[in-house]
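Structure record follows, encoded as structure tokens.
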Amino acid sequence: MKTSDLIWQDTQHQILFRLIDQIKEVPFDREILTRLYLYAEHHFSLEEAYMTKLNYPGEEAHVDAHNRFREELISMVETQGDMDSVLQESLSNFLSEWLKLHVLGIDKEFEKFVLESNVK
Ligand SMILES: [Fe+2]
Ligand SMILES: [Fe+2]
């Protein structure tokens, strides 16, 4: 890990990627979706609290992106249909792609802003 990383953010992203990976595990454990939703909420809320505290100019667009992911996760948690390994795989891939783009995109910009602000 580079010393210039925002440690809490980086650690939480790794936990999110691990949870998303567990969706692929057979037999499927539906609990994992709830755990993912709760942890994502914890993570998004923390990022958003920093944005508010620091008057981050990109806050609105960033919160919108989080909200779309929140909705995606809620509908996954609420869907009661049967799951099979193909679905598990595609769900997990979809989520990890989304998270990767988010982490490398607007999360990086936000990280830079926080690191320059001296509030870590
Ligand atoms: Fe993030
Ligand atoms: Fe974010």
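Order of appearance sets the numbers: ligands from 1, and atoms from 1 within every ligand. The shown structure was predicted, so the numbers you read here are calculated from the model rather than taken from an experiment.
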Quick one: report the N, O or S atom of E47 that is nearest to the Fe ion (ligand 2).
OE1

Are any N, O or S atoms from H43 nearer to the Fe ion (ligand 2) than 2.8 Å?
no

Whether E72 and R68 form a salt bridge (side-chain N of Lys/Arg under 4.0 Å from carboxylate O of Asp/Glu) is what I want to check.
no

Closest approach to the Fe ion (ligand 2) by D107, given as the N, O or S atom name
OD1

Salt bridge check: are R30 and E25 linked by an N-O gap of less than 4.0 Å?
no

Aromatic rings H66 and H43: how do their planes relate, parallel, tilted or perpendicular, breaks at 30° and 60°?
tilted

Does any N, O or S atom of H13, backbone or side chain, fall under 2.8 Å from the Fe ion (ligand 1)?
yes

Taking just the N, O or S atoms of H102, which one is nearest to the Fe ion (ligand 2)?
NE2

Regarding K108 and E111, does a basic nitrogen lie under 4.0 Å from an acidic carboxylate oxygen?
yes

Return yes if some donor-acceptor pair links the side-chain N/O of D84 with the main-chain N/O of V86 below 3.5 Å, else return no.
yes

Give, rounded to 10 degrees, the angle between NE2 (H62) and NE2 (H66) as seen from the Fe ion (ligand 2).
90°

